[in-house]
Amino acid sequence: MPRPHRPDLHGAWYHVINRGADRQDVFSCDADFAYFETLMADAVVTHGIEIHAYSLMDNHFHQLMHCPEGGLSAAMKDIQSVYVGSYNHHHERTGPMFEGRFTSRLVDGPAARHLTGRYIHRNPLDIVPSDSLAHYRWSSFRHYATESIAPNWLTTGELEGQFQDRSDYERYVLTSHPSDKQAERLSSPAALGRLGALDELVAAICGVAVDHLGLRNLDNSARLLAITLAVELRILGSDDLAAHYNLGSASSVRATARRGRVRLADDTAFESLRNAVLNGRFDRVAKGA
């Protein structure tokens, strides 16, 4: 069965992630990191995307992207394909480098954007101490927390907007929250696999909505249906869904799923979207997938 369309909606925000196949390194020297930044800069110009936050680590990367005119898939294809070709040439290797195309998670609303940016900026804490995080070279955090001048391809206004100054934003990122422990749980290989299934589910929802039902402004409907189906199909547990969608608690996830089931009973268009998704890709998803 063909893979579902990726969500590539005009005006959408995404948390974009990819990692090395078999967790191999994808950056081996400073020149690799720098070249990847150059390719991100090129994609901003060529595809009209915005990059609001990023972190590059040895074997994976995170980006917070806004796509006013769509273009996420084209931008990431250019970044990754050119980078892999260059890396293979300079390091005398062959074959695929990344686990797959990439993972993209829709980010709904200003609060979710700030939390996603915070998560991305905290990601290098696995390899650098907290008092050095603001000076980690291969992350946008230094442009938010220090006097380092942001390059013109990095958009900072959205994440800076609610903070008085750089030190205020730095405290926001460095101060530990209880939800950080939930985010750590979602970083395990097993959880990442389940998140991949969830991301495919969201992609299927958006692809079916746009290509088959003509729906382009989904508002929160895609997320509501994703949570409802994720609970029904047991793709992720309620605690993990709460962490992924910043819902605060498992009980909030269950309440959202109940709201989704009520809407399915009352809204024929919403029910049609669910049925089209299940009949297309996720009709065989089993418990524990």
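Applying ring-ring contact (aromatic ring centres under 6.0 Å, His included) to Trp138 and the options Tyr35, Phe61, Phe33, Phe36 leaves one that passes, Phe33. A side chain to side chain contact (heavy atoms under 4.5 Å, CB included) with His52 holds for exactly one of Thr116, Leu64, Leu154; it is Leu64. Looking at Phe163, Phe141, Tyr144 one by one, the single match for ring-ring contact (aromatic ring centres under 6.0 Å, His included) with Tyr172 turns out to be Phe163.
A donor-acceptor contact closer than 3.5 angstrom links the side chains of Tyr169 and His121. In summary, the side chains of Ser148 and His143 do present a donor paired with an acceptor at a separation below 3.5 Å, with no hydrogens or angles considered. In summary, the side chains of Ser28 and Tyr87 do present a donor paired with an acceptor at a separation below 3.5 Å, with no hydrogens or angles considered.
Considering every non-hydrogen atom in both Leu72 and Met65, the closest pair reads CD1-SD, 3.6 Å. In this structure, Gly260 and Thr228 approach most closely via the heavy-atom pair CA-OG1, 3.3 Å. The shortest heavy-atom contact between Val26 and Gly20 is CG1-CA, 3.5 Å. The shortest heavy-atom contact between Pro96 and Arg93 is O-NH2, 3.1 Å. When every heavy atom of Val107 is checked against every heavy atom of His15, the shortest pair comes out as CG2-N, 3.6 Å. Listed here is the closest heavy atom pair of Gln63 and Ile79: NE2-CD1, 4.4 Å.
Remark: Glu158 engages Arg113 in a salt bridge (charged side-chain N to carboxylate O under 4.0 Å, His left out) (not counting sequence neighbours).
A 4.5 Å side-chain heavy-atom check between Leu225 and Arg263 finds every atom pair outside the cut-off. Contact check for Ile227 versus Val253: side-chain heavy atoms found under the 4.5 Å cut-off. Residues Leu159 and His114 have side chains in contact (heavy-atom distance under 4.5 Å, counting atoms from C-beta outward). The closest side-chain heavy-atom distance from Thr155 to His66 is not below 4.5 Å.
Here the NZ atom belonging to Lys77 is positioned 11.5 Å from the CZ atom belonging to Arg101, to the nearest 0.5 angstrom. Taking NE2 of His62 as the start and CG of Leu56 as the end, the distance is 10.0 Å to the nearest 0.5 Å. Here Glu170 contributes atom CD and Thr175 contributes atom OG1; the two are 9.5 Å apart, rounded to the nearest 0.5 Å. Here Leu106 contributes atom CG and Tyr14 contributes atom OH; the two are 5.5 Å apart, rounded to the nearest 0.5 Å. To the nearest 0.5 Å, atoms CD1 (Ile51) and OG1 (Thr156) are separated by 13.0 Å. The line from SG of Cys29 to CG of Asp58 is 10.5 Å long, rounded to the nearest 0.5 Å.
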Extract all donor-acceptor atom pairs below 3.5 Å that involve side chains of residues 124-132 and protein atoms in other chains or at least two apart in sequence.
none

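The salt bridge (Lys or Arg N to Asp or Glu O under 4.0 Å) contacts involving residues 25-44 comprise Glu37-Arg137, where partners must be two or more places apart or lie in separate chains.
At distances below 3.5 Å, at least one donor-acceptor pair connects side-chain atoms of Ser140 with backbone N or O atoms of Tyr54. Listed for the Arg19 side chain is no donor-acceptor partner under 3.5 Å among the backbone atoms of Glu99. Side chain of His90 to backbone of Ser86: a donor-acceptor contact under 3.5 angstrom is found. The closest donor-acceptor contact from the side chain of Gln24 to the backbone of Met97 lies under 3.5 Å. Side-chain N or O atoms of Thr256 include one that pairs as donor or acceptor with a backbone N or O of Ser252 at under 3.5 Å.
Relative orientation of the Tyr83 and Phe98 rings is tilted, given thresholds of 30° and 60° on the angle between their planes.
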